[in-house]
Asker: 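Okay, here's the structure, questions in a sec.
Every value quoted in this text rests on a predicted model; they were computed, and no experiment measured them. We use all heavy atoms of the structure for the numbers below, so side chains are in, but hydrogens, waters and symmetry mates are not.
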Amino acid sequence: MVQPQTLYEKIWDAHVVERRDDGTCLIYIDRHLVHEVTSPQAFEGLRASGRRVRRPELTLAVPDHNLPTTPRTGPDGRLLPIADPESAQQLEALRRNTAEFGVDYIDATAPEQGIVHVVGPELGFTLPGTTLVCGDSHTSAHGALGALAFGIGTSEVEHVLATQTLLLKRSQTMEIRVDGTLGFGVSAKDVILAIIGRIGAAGGTGYVVEYTGGVIRGLSAEGRLTVANMSIEGGARAGLIAPDDTTFAYLKGRPMAPQGAAWDKAVDWWRTLPSDPGAAYDRSVTLHATDIAPSLTWGTSPEDVVPITGAVPDPDSFADPAKRVAARKSLDYMGLAPGMRMQDVPVQHVFIGSCTNSRIEDLRAAAAVAGGRRVADGVRAMVVPGSGLVKRQAEAEGLDRVFTAAGFEWREPGCSMCLAMNPDKVPPGERCASTSNRNFVGRQGPGARTHLVSPAMAAAAAVTGRLADVRDLMARDTMGAGA
Amino acid sequence: MTPVTTVSGSAYPWGAKNIDTDVIIPAHWLKTISRAGLGRGAFETVRAQPGNIFDDPRYAGAPILIAGDNFGCGSSREHAAWALADMGIRAVIAPSFSDIFSGNAFKNGIVPVVLPQEAVDRLLEAAQDAPVTVDLETMTVTTAYQDRFPFQLDPFRRQCLMEGLDEVGLTLARDTAISKFEGAMHERRPWIEERRGYADVAVEGAGRT
Ligand code: SF4
């Protein structure tokens with residue numbers, strides 16, 4: 001009998017070029033996404049050693065981190081000059097490098113431009129059973145479609161460009177099972193926040209996670225992208241979700257996905273990928289949907305999670321002495337005191353965007369809360385769609401008008417306030433409810449205070465001016481509709 | 001890459017846990033298109049605080065950093081390794097590292113040394129006034145106080161560090177095996193290579209031959 005295998009093991013085995021005596025494997029890379037920030041030194045390395053890109057057609061480049069989210073093109077449709085000379089230089093380097101090495105490149109002015117992790121799935125560049133890498137830690141997102149996807153450093157970017165392979169050691173496997181059905185007002189973001197709250201920010205280090213269970217199966221492809229996106233915040237380099245009919249329905253007809261007979265052949269193979277019954281994981285963790293409420297972070301690590309109905313924890317309540325010290329520092333930075341109710345904390349900024357939560361369903365969820373309401377006084381709220389295609393779709397559905405009528409800013413696609421590399425920043429000491437994935441010190445600007453939330457919770461914070469339980473607003477909506 | 005066999009000298013006895021790459025090198029330094037000069041931005045936010053360890057004259061120019069659990073977590077930016085290398089760090093000792101950071105460290109000639117927390121605690125104490133030595137030959141960390149902690153390293157990575165090998169060059173030498181794999185893939189998973197046929201999106205790739 002054949003040994004039952006996990007999804008991870010099946011993808012791994014299908015990509016081993018060579019296995020060395022010490023167990024390190026040369027792994028073939030099917031898909032490579034490139035953006036402007038982590039690639040210039042890789043192309044520079046190729047140039048310096050006179051090397052070429054082995055399989056340029058397996059690589060796709062798109063700028064996202066550095067682009068301003070203000071209107072990009074002038075009346076003639078050409079890219080407006082970028083004010084920051086260093087950003088401009090980096091964006092220009094990507095354009096030049098991709099042209100020189102023959103790599104497909106989506107220009108800043110193209111409607112398909114967007115955040116790499118939004119663009120890959122939406123164009124069907126990301127496929128189940130592929131190995132996919134990018135010089136960006138949130139590459140784990142693509143695991144939502146059943147791709148073994150992980151972030152790499154720039155030297156590895158160079159290695160992939162030159163050889164279309166990486167030298168890797170097999171990871172341990174961890175199953176994270178979420179059973180049950182999500183409650184009212186609970187979203188994919190709350191699921192992944194609850195998971196990280198449980199396993200800790202380093203809980204997944206050394207593992208490739210596979211998310212299983214009824215809650216995961218019940219999520220849309222976009223919800224799954226949100227979950228897998230934050231695998232790295234739990235320390236796991238990659239997070240996988242077995243491909244199923246939801247995955248295939250999402251991918252079918254996307255411009256870069258296979259078509260016709262190739263599609264059928266691909267689906268046949270994809271159906272063999274889910275973990276076999278009885279396949280063993282090195283570690284298993286189970287959560288129940290009933291324990292997951294709309295959640296948010298209180299501190300400066302993504303593991304600092306509480307339900308919105310909760311309060312700021314007392315640092316002394318942590319068993320681990322190092323965590324006590326860290327929590328004290330976090331609270332000091334965040335300007336919070338133990339015991340404060342999360343719902344009493346006022347915010348000055350709201351950011352709806354990033355590769356975690358900037359797809360069309362995210363914008364719909366936020367618009368459903370924002371519709372007919374007004375952004376509270378003293379709050380600056382912005383919506384940054386994940387790609388040009390998301391933006392167009394939202395505009396076709398009238399979501400942009402819902403947001404602007406409520407007083408939100410409607411911006412051009414890019415990473416924006418997720419990492420504050422472009423001009424979108426939270427000023428020192430000010431507080432932001434953000435749908436992004438990192439609440440690290442200074443992530444959204446020096447001194448900025450970040451609370452990670454779902455899109456609906458972000459919209460709730462915008463209209464109430466404080467961290468709010470979206471269920472209260474939704475309940476009122478439902479009652480309003482019934483009356 | 002310059003070969004590394006031993007790293008010896010003073011060590012920053014820092015011990016901080018969960019140091020993410022945003023702390024090692026803040027995002028605004030990522031706009032560079034070169035690997036050099038990032039040492040100026042290393043630990044910028046830490047250095048903004050008076051009395052910080054990196055500006056303590058006792059450890060000026062130390063080639064070793066002693067940190068806490070989960071060093072290098074967060075963003076995959078290799079700029080973190082470039083920044084450390086540029087400020088002269090050749091080895092980091094910690095109870096654990098993020099996977100991505102430790103890979104990046106190796107590729108830039110920085111030895112990520114994993115030691116148990118007790119050993120790290122002892123080194124934090126010893127490094128206050130004594131030099132520390134990381135020896136790849138004997139695979140030990142030693143101090144002038146007779147401390148001696150053995151550590152493990154992946155044998156291949158150890159060899160790359162000690163011989164200063166270029167990984168891309170090593171893999172390019174496996175070209176025949178890669179081409180053979182591609183041949184088999186063409187049969188089994190043809191759709192992987194076929195995506196260009198559907199590229200009706202706005203892509204350009206002028207230099208492709
Ligand atoms: S949106 Fe944020 S997390 Fe995602 S790729 Fe951009 S900077 Fe990274």
Asker: If you count heavy-atom pairs within less than 4.5 Å of chain B, which of A:T154, A:L26, A:V37, A:V62 leads?
Answerer: A:T154
Asker: Do the charged groups of A:E57 and A:R55 touch, with an N to O distance under 4.0 Å?
Answerer: yes
Asker: Taking the side chain as C-beta and beyond, is there a heavy-atom pair between B:P150 and B:M139 under 4.5 Å?
Answerer: no
Asker: Can you confirm whether B:V92 sits close enough to B:V111 that some side-chain heavy atom of one is under 4.5 Å from a side-chain heavy atom of the other?
Answerer: no
Asker: With a 4.5 angstrom heavy-atom cut-off, which part of B:T21 approaches chain A: side chain, backbone, both or neither?
Answerer: neither
Asker: Is any side-chain heavy atom of B:V141 closer than 4.5 Å to one of B:I93?
Answerer: yes
Asker: Salt bridge between B:E182 and B:R189, side-chain N to carboxylate O under 4.0 Å?
Answerer: no
Asker: Based on non-hydrogen pairs under 4.5 Å, which of B:R35, B:K180, B:E78 is most in contact with chain A?
Answerer: B:E78
Asker: Measure A:I152 against the heavy atoms of chain B and call it side chain, backbone, both or neither at under 4.5 Å.
Answerer: backbone
Asker: For A:H65, is it the side chain, the backbone, both or neither that has a heavy atom under 4.5 Å from a heavy atom of chain B?
Answerer: neither
Asker: Within a strict 4.5 Å, meaning less than it, do heavy atoms of the B:L170 and B:L165 side chains meet?
Answerer: yes
Asker: Chain B heavy atoms under 4.5 Å from A:T165: which part of the residue, side chain, backbone, both or neither?
Answerer: side chain
Asker: Heavy-atom distance under 4.5 Å to chain B: side chain of A:R52, backbone, both or neither?
Answerer: neither
Asker: Specify which of B:D22, B:D20, B:D166 makes the most heavy-atom pairs with chain A at under 4.5 Å.
Answerer: B:D20
Asker: Relative to chain B, which segment of A:R443 carries a heavy atom at a distance below 4.5 Å: side chain, backbone, both, or neither?
Answerer: both
Asker: Please look at A:A93 and chain B and tell me whether the side chain, the backbone, both or neither of the residue comes under 4.5 angstrom of a heavy atom of that chain.
Answerer: side chain
Asker: So which residue, B:G103, B:A184, B:A177, ends up with the most heavy-atom pairs under 4.5 Å with chain A?
Answerer: B:A177
Asker: Side chain from CB out, backbone as N, CA, C, O: work out which of these in A:Q90 comes under 4.5 Å of a heavy atom of chain B, or both, or neither.
Answerer: both
Asker: Count the heavy-atom pairs under 4.5 Å between each of B:L30, B:N104, B:T45, B:N70 and chain A, then report the option with the highest count.
Answerer: B:L30
Asker: Picking from B:A81, B:S98, B:S34, which has the most non-hydrogen pairs under 4.5 angstrom with chain A?
Answerer: B:S34
Asker: Between chain B and each of A:V441, A:I232, A:L127, A:L167, count heavy-atom pairs under 4.5 Å; write down the option with the most.
Answerer: A:L167
Asker: With the threshold set at 4.0 Å, does a side-chain nitrogen-carboxylate oxygen contact exist between B:D86 and B:R40?
Answerer: no
Asker: For each of A:Q89, A:R51, A:Q164, A:E36, tally heavy-atom pairs with chain B at distances under 4.5 Å, and name the one with the top tally.
Answerer: A:R51
Asker: Check whether A:N437 gets within reach of chain B through its side chain, its backbone, both or neither, counting any heavy atom under 4.5 Å.
Answerer: neither
Asker: Against chain A, label B:S179 side chain, backbone, both or neither, depending on which of its atoms sit under 4.5 Å from a heavy atom there.
Answerer: both
Asker: Against chain B, label A:T24 side chain, backbone, both or neither, depending on which of its atoms sit under 4.5 Å from a heavy atom there.
Answerer: side chain
Asker: Is A:D22 salt-bridged to B:R157, going by a charged N under 4.0 Å from an acidic O?
Answerer: no
Asker: Roughly how far, to the nearest 0.5 Å, is CG of A:L123 from CG of A:L251?
Answerer: 11.0 Å
Asker: With chain B, which of A:G206, A:A326, A:G135 has the greatest number of heavy-atom pairs at distances under 4.5 Å?
Answerer: A:G206
Asker: Do the ring planes of B:F97 and B:F71 sit parallel (below 30°), tilted (30 to 60°) or perpendicular (above 60°)?
Answerer: perpendicular
Asker: Please flag which part of B:R188 lies under 4.5 Å from any non-hydrogen atom of chain A: side chain, backbone, both or neither.
Answerer: backbone
Asker: Among A:T163, A:V160, A:V157, A:V325, which has the most heavy-atom pairs under 4.5 Å with chain B?
Answerer: A:T163
Asker: Specify which of A:E158, A:K265, A:E233 makes the most heavy-atom pairs with chain B at under 4.5 Å.
Answerer: A:K265
Asker: Quick one, A:E44 and B:I33 - any side-chain contact, counting heavy atoms below 4.5 Å?
Answerer: no
Asker: Less than 4.0 Å between a side-chain N and a carboxylate O, is that true for B:D55 and B:R47?
Answerer: yes
Asker: Relative to chain A, which of B:A80, B:A48, B:C73, B:G74 shows the most heavy atom pairs under 4.5 Å?
Answerer: B:G74
